[in-house]
Visitor: 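I have a structure I would like to understand better, so I am pasting it below and will then ask my questions one at a time.
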Amino acid sequence: MKNEEKIMEDKFNEHKLNSKEYRVSANAFTLKDVFECGQCFRWNPIDEQKHKYVGVVDDMVIEVEERQTEKSDDIEIKVYTRSPEQNLEQNLEFDNKEMQDKIYKYFDLDRNYDELKEKLSKIDDNVSSAIQYGGGIRILNQDLWETIISFIISANNNIPRIKGIIERLSKKYGKHIMEDYYSFPKPEELAKATIEDLRKLGLGFRDKRVYETAQIIVNSEIDVNQWYEQPTEQVREQLLELPGIGPKVADCILLFSDLKRFDVFPVDVWVRRVMNELYIKNADEKAVNKKQIEQIAKEKFGAERGLVQQYLFYWKRDN
DNA sequence: GTCCAGGGAATCA
DNA sequence: TGATTCCATGGA
């Protein structure tokens, strides 16, 4: 694996792209937990220990590595960023502060997860165990548009295939950054795709939903910018009007995008399974009422139930 | 061949 | 409202 890492570095160097390194010291930050808890689809490990990942964020290729420090339990994260080729000439010295702010925002570094974990661990032994297992989870602030399309694609789908579809969409309609890395297509870029184009990329029955949602957004039939100022329930109602967005997908978008609402509780097959096992204990799992699950979540987990959902989901799915 | 995957929309009672 | 069925696709 040492060889692969060396090859990766050589690849980066030969392109002479802009690169910056940032070291951040944050508690509750384990790369495997963050990238494999099901919230994102564009990050992949490049070492066997899963201490090093590469991903695409906006128009940047980012490499992150975690290192255990000697003096404390903190994890140091080294971040390299590459600016897009097309911007190199005009932007040789890109704004360090702006880039740093972007990174901090994306990894949600302003939020004190240790404090949240301590508080949520007191709920009961189940939540405490789940946090013990996935304590390194941080909920990313992902681009709203990308999150909308990604989770429409996620419907009745599995994660490897979702990732493949998103890569193919990016390669065909996004901008080339470097090597095999492409930015996720902007609304105007993706809106060029016909339903048939999307079908060829393997979206299946989701092709029409992605197409229609892209058309609505690109034609400005709804203004998503105001969502950042509106209460969660109001945003949720508007999300539900978009083709391909039902209750579960809407909640995922609210939780995993930079809308960043923790007062939602996405219920999928896994969450239903874990909630039934731990709290409801119905012999017939499929018969469990979804509203009952949401009610219990609201009562037991409170305003940060979205974060609790992630701990429970990650814990149960891996065990 | 069958089942399942971080569900949603259409249909019907 | 609530329950059933169909929807593409690929891997196990």
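Each chain gets a letter, A, B and so on, in the order its sequence line appears, and its residues count up from 1. Predicted model only: the values in this text are computed from it and were never measured.
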Visitor: Has the side chain of A:Q39 got a donor or acceptor atom that lies under 3.5 Å from a matching backbone atom of A:L140?
Guide: yes

Visitor: Does A:C37 reach a base, just sugar-phosphate, or nothing at all? Heavy atoms under 4.0 Å.
Guide: base

Visitor: To the nearest 0.5 Å, what is the distance between CG (A:N27) and CG (A:L109)?
Guide: 11.0 Å

Visitor: Would the base of B:dG6 count as contacting A:Q310 through its side chain, where contact means a donor and an acceptor less than 3.5 Å apart?
Guide: yes

Visitor: Which of the following nucleotides, B:dG8, B:dG7, C:dG2, is nearest to the side chain of A:K291?
Guide: C:dG2

Visitor: Could you check how far NZ of A:K208 sits from P of B:dG8, rounded to whole Å?
Guide: 17 Å

Visitor: Write down the distance between CZ (A:R209) and P (C:dC7), rounded to a whole number of angstrom.
Guide: 12 Å

Visitor: Using a heavy-atom cut-off of under 4.0 Å over every strand shown, decide if A:L242 touches base, sugar-phosphate, or nothing.
Guide: sugar-phosphate

Visitor: Give A:I162 one of three labels, base, sugar-phosphate or nothing, depending on what nucleic acid heavy atoms sit under 4.0 Å from its own.
Guide: nothing

Visitor: By the 4.0 Å heavy-atom rule, please label A:F41 as base, sugar-phosphate, or nothing.
Guide: nothing

Visitor: When you measure from the side-chain N and O atoms of A:R199 to the phosphate of C:dA8, is any distance below 4.0 Å, counting only OP1 and OP2?
Guide: yes

Visitor: Heavy atoms only, 4.0 Å cut-off, all strands: where does A:P266 land among base, sugar-phosphate and nothing?
Guide: base

Visitor: Classify A:G244 by what it touches in the nucleic acid, base, sugar-phosphate, or nothing, heavy-atom distance under 4.0 Å.
Guide: sugar-phosphate

Visitor: From NZ of A:K248 over to C1' of B:dA5, roughly how many Å is that when rounded to an integer?
Guide: 11 Å

Visitor: Hey, does the side-chain of A:N157 have a donor or acceptor N/O within less than 3.5 Å of a partner on the base of C:dA8?
Guide: no

Visitor: Whole Å only: how far is the CG atom of A:N156 from the P atom of B:dA9?
Guide: 13 Å

Visitor: Flag as yes if A:F313 stacks onto the base of B:dG6 (centroids under 5.5 Å, planes under 30°), otherwise no.
Guide: yes

Visitor: Between A:V267 and A:P243, just flag the one whose closest nucleotide in DNA chain B comes earlier from the 5' side.
Guide: A:V267

Visitor: Considering only side-chain heavy atoms of A:W270, which listed nucleotide, B:dG8, C:dT9, B:dG6, is closest?
Guide: B:dG6

Visitor: A:D108 side chain to A:R111 main-chain N or O, any donor-acceptor pair under 3.5 Å?
Guide: no

Visitor: How are the rings of A:W270 and A:F313 set to each other: parallel, tilted or perpendicular (split at 30° and 60°)?
Guide: perpendicular

Visitor: For C:dT9, which nucleotide is its Watson-Crick or G-U wobble mate, given both distances must be under 3.5 Å?
Guide: B:dA5

Visitor: Can you measure A:Y211 atom OH to B:dG8 atom P for me and round it to whole angstrom units?
Guide: 23 Å

Visitor: A:L201 has an atom CG; how far is it from atom C1' of C:dA8, in whole Å?
Guide: 14 Å

Visitor: P atom, C:dT5 versus B:dG6: distance in rounded Å?
Guide: 23 Å

Visitor: For atom P, what is the distance between B:dG8 and C:dG10, given to the nearest Å?
Guide: 22 Å

Visitor: Using 30° and 60° as the class limits, which term best fits the ring planes of A:F184 and A:W145: parallel, tilted or perpendicular?
Guide: perpendicular

Visitor: Using whole Å, what does the distance between atom P of nucleotide C:dC7 and atom CG of A:L198 come to?
Guide: 19 Å

Visitor: What is the pairing partner of C:dG2, taking Watson-Crick or G-U wobble pairs with both distances under 3.5 Å in any strand?
Guide: B:dC12

Visitor: Using only side-chain N and O atoms of A:R273, determine if any of them is under 4.0 Å from OP1 or OP2 of B:dC4.
Guide: no

Visitor: Rounding to an integer number of Å, can you tell me how far A:N158 CG sits from C:dA12 P?
Guide: 10 Å

Visitor: Would you say the ring centers of A:F256 and A:F41 fall short of 6.0 Å from each other?
Guide: no

